[in-house]
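Atoms considered below: every heavy atom in the structure, side chains included; atoms not considered: hydrogens, waters and symmetry mates. Each chain gets a letter, A, B and so on, in the order its sequence line appears, and its residues count up from 1.
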There are 2 protein chains.
Amino acid sequence: MPAAPSTARRRSRPPLTPAGIVQVALDLAAERGDFSMRALGQKLGADPMAVYRHFADKNALLDAMLDAALADFQPPGPDAADPLAGLRRMSHDFRAALLRHPGMAERVAMNRPATGPHTLELAEATLGKLFRLGLGASDAISGFEALVQFISGFVRAEEPVHARDDGGESAWLAEMQAAYSAVPADRFPHVARMAAQMPEQTLDRQFEYAIDLLLESLARRARK
Amino acid sequence: MPAAPSTARRRSRPPLTPAGIVQVALDLAAERGDFSMRALGQKLGADPMAVYRHFADKNALLDAMLDAALADFQPPGPDAADPLAGLRRMSHDFRAALLRHPGMAERVAMNRPATGPHTLELAEATLGKLFRLGLGASDAISGFEALVQFISGFVRAEEPVHARDDGGESAWLAEMQAAYSAVPADRFPHVARMAAQMPEQTLDRQFEYAIDLLLESLARRARK
DNA sequence: ACCTGAACACCGTTCAAGT
DNA sequence: ACCTGAACACCGTTCAAGT
C-alpha cells in the first residue's frame with residue numbers, strides 16, 4: 001500500500017501558488033477572451049477571494065500575467081547583422097505574443113512601469129537594436145516609445161475584431177466596406193474611393209505598413 | 001398673470017431628446033472621466049431606462065457621442081499650401097478633440113464603421129491631404145489607417161495618466177523614472193540608460209515624435 | 001401605447017464571521 | 001492565524017407590471 005498522501009495532496013485540489021494562479025488566469029483569458037476575478041476563482045475551484053491571499057488586487061495579478069505572457073518571446077541575438085530586420089521581426093513577434101494573451105496589450109499601453117524580467121529583456125533587446133541602428137539616446141528612446149505605443153494600441157484595437165463570433169476579421173472588413181460604400185460620393189469622394197480598397201486592408205497589412213513607416217524614418221534619422 | 005406653462009414646461013424637467021441626451025452624456029464623461037448608463041440616468045433626472053427609448057443600447061449612444069465630439073474639429077482648407085503641415089496640424093487637433101471627450105478614443109479604435117457627418121468630414125479632409133501629398137490610393141488609405149490607429153491608441157493609453165488624482169503626467173513620469181532607475185544596470189544597461197532620459201519623454205513629445213516619424217515616411221513615399 | 005422600476009446576471013473588493 | 005463567503009457598491013439590459 002502506498003504511503004498516505006502528503007498534506008498537499010490530501011485536499012481535493014493542490015494548494016494555490018502565485019505561478020499556478022497566473023497560469024490558470026492566462027488560460028482563462030485565452031479561452032474566454034476576457035477575464036474576471038470571479039471567473040478565475042471558479043476555474044481554480046476556490047473562493048473568489050482566495051486569489052487575494054497571493055496578489056494584492058487585480059492590478060498586481062495582471063502585472064504578473066503580463067510578464068508571464070512575454071516569457072515565450074525570444075529576442076534575436078544582439079549581433080545579428082541587420083538591426084532593422086531585427087526590429088521588424090521583434091515588432092511582429094511582440095504583436096503575436098500580445099494577441100495570444102487577450103487583455104495584456106491594455107497593460108502595456110497603460111504605461112504602468114512594467115519591470116518583470118521578460119518585459120525588461122524585450123525592452124533591452126529593442127533598445128539595443130535601435131542603438132545599433134546608430135540612433136542617439138534621445139531618438140532611440142522616443143523611437144522605442146513610438147513602437148510600443150503603436151503596437152499595444154493596435155492590438156487593443158484588433159482584439160475585439162478577432163473575438164467577433166461571426167466571421168472575425170473578414171466579417172469586419174465586409175462591414176467596413178458596406179458602410180463606406182453607402183457614403184454619398186459627392187460630399188465625401190475620397191472616403192467613397194476608400195471603400196473599394198477596403199478588402200485588401202487586412203489587419204496584417206495595416207500593421208506591417210505602419211511599422212515599416214516608423215522603422216523607415218528611424219533608419220533615416222540614424223543615417224544622418 | 002402669465003399663461004399656464006406649456007406641456008413641455010409643466011413637467012419638472014424638459015422632455016428628453018437624442019441631442020440633449022448626447023450633450024449631457026458628453027458632459028458627464030468630461031466631468032467624471034468615465035461614463036455609465038446609470039449615472040447618465042441620474043444626471044438626466046430620469047430613470048436609467050429612459051435613455052433606451054431614444055437609443056437602442058449603449059453602443060448606439062456612444063456612436064452618436066463620438067460624432068458630436070468631433071463637431072468642434074475644424075479641418076484646414078483643402079487648398080492650403082503645405083499638405084504635410086496640414087496633416088500634422090490635423091493629427092494634433094484630432095488628439096486634442098479626443099482628449100476633451102474621455103472614452104471617445106476607444107470608439108475610434110474599435111474600428112466600428114463610424115459614418116457620422118463630422119467623422120466623415122475628418123476622414124475626407126485627411127485623405128484629401130494624403131492625396132495632395134502625392135500618394136496613390138493604396139498608400140493614402142494605409143497611411144490614413146496608420147495615423148488613426150496610432151492617434152486613437154495613444155489617447156486611449158494616455159487618458160488614465162491624465163485622470164490620475166495625484167500629479168497626473170508629472171507623477172507618472174516620476175514613477176516611470178523611479179522604476180527604471182531601480183533596474184540592475186549590469187543586466188539591462190540600455191533600460192537603465194533610458195531612466196535618465198525619462199523626464200523629457202512627456203506625452204506631448206512622444207506624440208509629436210511618433211506622428212513625425214509616420215508623416216516623414218509618407219512624404220518620402222509620395223516623392224518617389 | 002408609453003413609461004417605470006424591479007430583477008437578472010454580472011463586476012472588484014471590504015470586512016465580519018467562522019474555524 | 002488563516003480562510004471563507006456574505007455584503008457593498010457598482011454595471012448593462014430584460015421584461016413584467018403599472019398608468
query: B:Asp67 side chain to B:His118 main-chain N or O, any donor-acceptor pair under 3.5 Å?
result: yes
query: Rounding to the closest angstrom, what is the interatomic distance between C:dG18 and D:dC8 at atom P?
result: 16 Å
query: Distance-only, no hydrogens or angles: does the B:Gln177 side chain make a donor-acceptor pair with backbone N or O of B:Ala195 under 3.5 Å?
result: yes
Pi-cation contact, A:Phe154 with A:Arg95 (under 6.0 Å, within 45°): no
- prompt: Taking the same atom, P, in D:dA9 and in C:dC10, what whole-Å distance lies between them?
  reply: 22 Å
task: Would you check if there is a donor-acceptor pair between the side chains of A:Gln201 and B:Ser142 at a distance under 3.5 Å?
output: yes
query: By salt bridge (charged side-chain N to carboxylate O under 4.0 Å, His left out), which residues pair with B:Glu121, not counting sequence neighbours?
result: none
task: Could you walk me through whether A:Arg164 and A:Glu175 pass side chain to side chain contact (heavy atoms under 4.5 Å, CB included), step by step?
output: CA-CA 12 Å; A:Arg164 283 169 72 123; A:Glu175 195 177 294; 2.9 Å; yes
message: Less than 3.5 Å apart, any donor N or O on the side chain of A:Arg205 or B:Ser138 sitting next to an acceptor on the other?
response: yes
query: When the C1' atoms of D:dA7 and C:dC11 are considered, how many whole Å apart are they?
result: 14 Å
message: If you compare every side-chain N and O of A:Arg53 against the phosphate oxygens of D:dC2 (OP1, OP2), does one of them come in below 4.0 Å?
response: no
message: Does the protein touch nucleotides 5-19 of chain C at the base, only the backbone, or not at all? Give it as B, S and - per nucleotide, heavy atoms under 4.0 Å.
response: B-B---BBBB-----
field: Heavy-atom pair of closest approach, residues A:Leu70 and A:Ala97
entry: CD2-CB, 4.3 Å
- prompt: If a stem is a run of at least 3 consecutive Watson-Crick or G-U pairs, both distances under 3.5 Å, which stems include DNA chain C?
  reply: C:4-8 with D:12-16, C:12-16 with D:4-8
